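The structure displayed is predicted, hence computed values, not measured ones.
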Amino acid sequence: MSDLEFTVKDGIATARLNRPAKKNALSEEMVRELARALREAQDDPAVRVFIVTGAGDAFCSGGDLGRRAKEGEGAQPTPLERKSRLQQGTHRVAFAVEEFDKPLIAAVNGPAAGAGMDLALMCDLRFAARSARFSEAYIRVGLLPGNGGGYFLPRIIGAASALELLWTGDFIGADEAHRIGLVNRVYEDNQLMAETQAFAARLAAGPPIQQRLVKKLVYQSLRTDLRTSLELVSSHMAVVQSTDDYREAMQAYNEKRAPKFEGR
C-alpha cells in the first residue's frame with residue numbers, strides 16, 4: 001500500500017496521505033511522492049485544482065517521531081546530515097508548492113500538527129472538519145518550525161498570533177482557527193470532502209489561465225510595492241484579453257448562459 005494515494009478526476013487532483021495507523025505521519029516515501037504529484041499536476045493541463053487531505057481520522061500528525069526515536073539508539077547524524085535531510089525531504093514539497101500556480105486546497109479532516117500543520121499552511125485555502133485541531137507542536141519536542149511554519153503562519157494570521165502558536169505549541173480547534181483566519185471554512189466531519197470537492201469543481205469549471213494569473217498576482221503583491229503590482233497586472237490583463245476563454249466569457253455574458261472554458 002502506497003503512503004500517498006493520488007487520483008485525478010474531472011479536473012481535480014486529490015493527494016491523500018495514507019498512513020492512518022500513524023495518523024499520517026510523514027514518511028520519506030510520502031514526502032517524495034507528494035512533491036512528485038505536485039510537479040506532475042503543474043504540467044498536466046487536465047488538472048485544474050489540487051486537494052490535499054488525510055486518510056482516516058487525521059490530516060497529518062507531523063514528522064514520524066517513532067522513526068527518530070529508533071535513530072536515536074544508534075549513531076547520531078551530523079549537523080550537515082540533519083540539514084540535508086530537511087532540504088531533501090519536506091522542503092522539496094514547499095518548493096514544489098511555490099512553483100504550483102493552480103488552486104491548492106487543504107481539506108483538514110482531523111489533527112494537523114507540526115509538519116502536518118505546515119503542510120496545510122502551504123496551501124492556498126484551508127477547509128477544516130469540525131474535529132480538526134492545529135498545533136505548531138515543534139517546541140513541545142525541542143524543535144523549530146522546520147517545514148515553513150515560520151514563513152507561512154505570520155503571513156496568514158499576523159506575526160503576534162503566529163508567535164503565540166509557535167512559542168506555546170498549543171492546539172486550537174477548527175472554530176478558533178476560523179476566527180483567527182487560519183482556515184477559510186469549517187464543515188461537519190461527514191461533509192468536509194463533499195463540500196471541498198464541490199468548491200474544487202466550481203474552480204475547475206473556471207478559466208484556468210485567469211485563475212493562475214490571479215494566484216501569481218496575489219502572492220507577488222505580498223513581496224512588492226503597489227506600482228510594481230499594477231505594472232504586473234496591466235501586462236497580465238493584456239495577455240488574458242487575448243485568450244479564447246476571455247472571448248467565450250464575454251460571449252456567454254451577452255448570451256446569458258454559463259461559459260465553457262478550455263484553457264486557451
Sequence neighbours excluded - salt bridge (charged side-chain N to carboxylate O under 4.0 Å, His left out) pairs with any residue from residues 129-150: Arg130-Asp175, Arg130-Glu188
Pairwise salt bridge (charged side-chain N to carboxylate O under 4.0 Å, His left out) hits with a residue in residues 235-254, at least two apart: Asp244-Arg247, Asp244-Arg264, Glu248-Arg257
Thr53 side-chain N/O to Ala107 backbone N/O, donor-acceptor pair under 3.5 Å: yes
Side chain to side chain contact (heavy atoms under 4.5 Å, CB included) evaluation trace for Glu195 with Arg185: CA-CA 10 Å; Glu195 294 287 354; Arg185 303 184 182 194; 6.0 Å; no
Salt bridge (charged side-chain N to carboxylate O under 4.0 Å, His left out) pairs, two or more places apart, involving residues 109-127: Asp124-Lys215
Results of side chain to side chain contact (heavy atoms under 4.5 Å, CB included) for Glu176 - residues two or more places apart only: Ile172, Arg179, Ile180
Side-chain donor or acceptor of Arg19 paired with backbone N/O of Ala25 under 3.5 Å: yes
For residues 147-167, please give each side-chain donor-acceptor pair under 3.5 Å, one per line with the distance, not counting sequence neighbours.
from   : atom 1 : to     : atom 2 : distance (Å)
Asn147 : OD1    : Thr90  : OG1    : 2.2
Asn147 : ND2    : Tyr138 : OH     : 2.9
Arg155 : NH1    : Tyr151 : O      : 2.9

Which residues share a side chain to side chain donor-acceptor pair (under 3.5 Å) with Lys102, sequence neighbours left out: none
Ring pair (Phe, Tyr, Trp, His ring centres under 6.0 Å): pairs with one or both residues in residues 189-233, sequence neighbours excluded: Phe127-Phe199
Any donor-acceptor N/O pair, Asn109 side chain to Gly56 backbone, under 3.5 Å: yes
Closest non-hydrogen atom pair between Ala129 and Ala174, with its separation: O-CB, 3.4 Å
Inter- and intrachain pairs under salt bridge (charged side-chain N to carboxylate O under 4.0 Å, His left out), touching residues 217-232, at least two apart: none
With sequence neighbours excluded, residues passing side chain to side chain contact (heavy atoms under 4.5 Å, CB included) with Ile12: Thr14, Ile51, Ala200, Ala201, Ala204
Residues that Phe100 engages under ring pair (Phe, Tyr, Trp, His ring centres under 6.0 Å), provided they are two or more places apart: Phe50
Side chain His91, main chain Gly146, donor-acceptor under 3.5 Å: yes
Shortest non-hydrogen contact from Ala58 toward Asn24: O-ND2, 2.8 Å
With Glu262 via salt bridge (charged side-chain N to carboxylate O under 4.0 Å, His left out) - residues at least two apart: none
For residues 35-42, which side-chain N or O atoms pair as donor and acceptor with protein atoms under 3.5 Å away, sequence neighbours left out?
from  : atom 1 : to     : atom 2 : distance (Å)
Arg36 : NH1    : Glu33  : OE2    : 3.2
Gln42 : OE1    : Asp101 : N      : 3.0
Gln42 : NE2    : Asp101 : OD1    : 3.1

Nearest atoms (heavy-atom pairs only) where Val52 meets Cys123: CG2-SG, 4.5 Å
Thr224 side chain vs Gln220 backbone, donor-acceptor pair below 3.5 Å: no
Salt-bridge criterion met for Lys23 and Asp57 (N-O under 4.0 Å): yes
Taking every non-hydrogen atom, the tightest pair across Asn18 and Ala55: OD1-CB, 3.6 Å
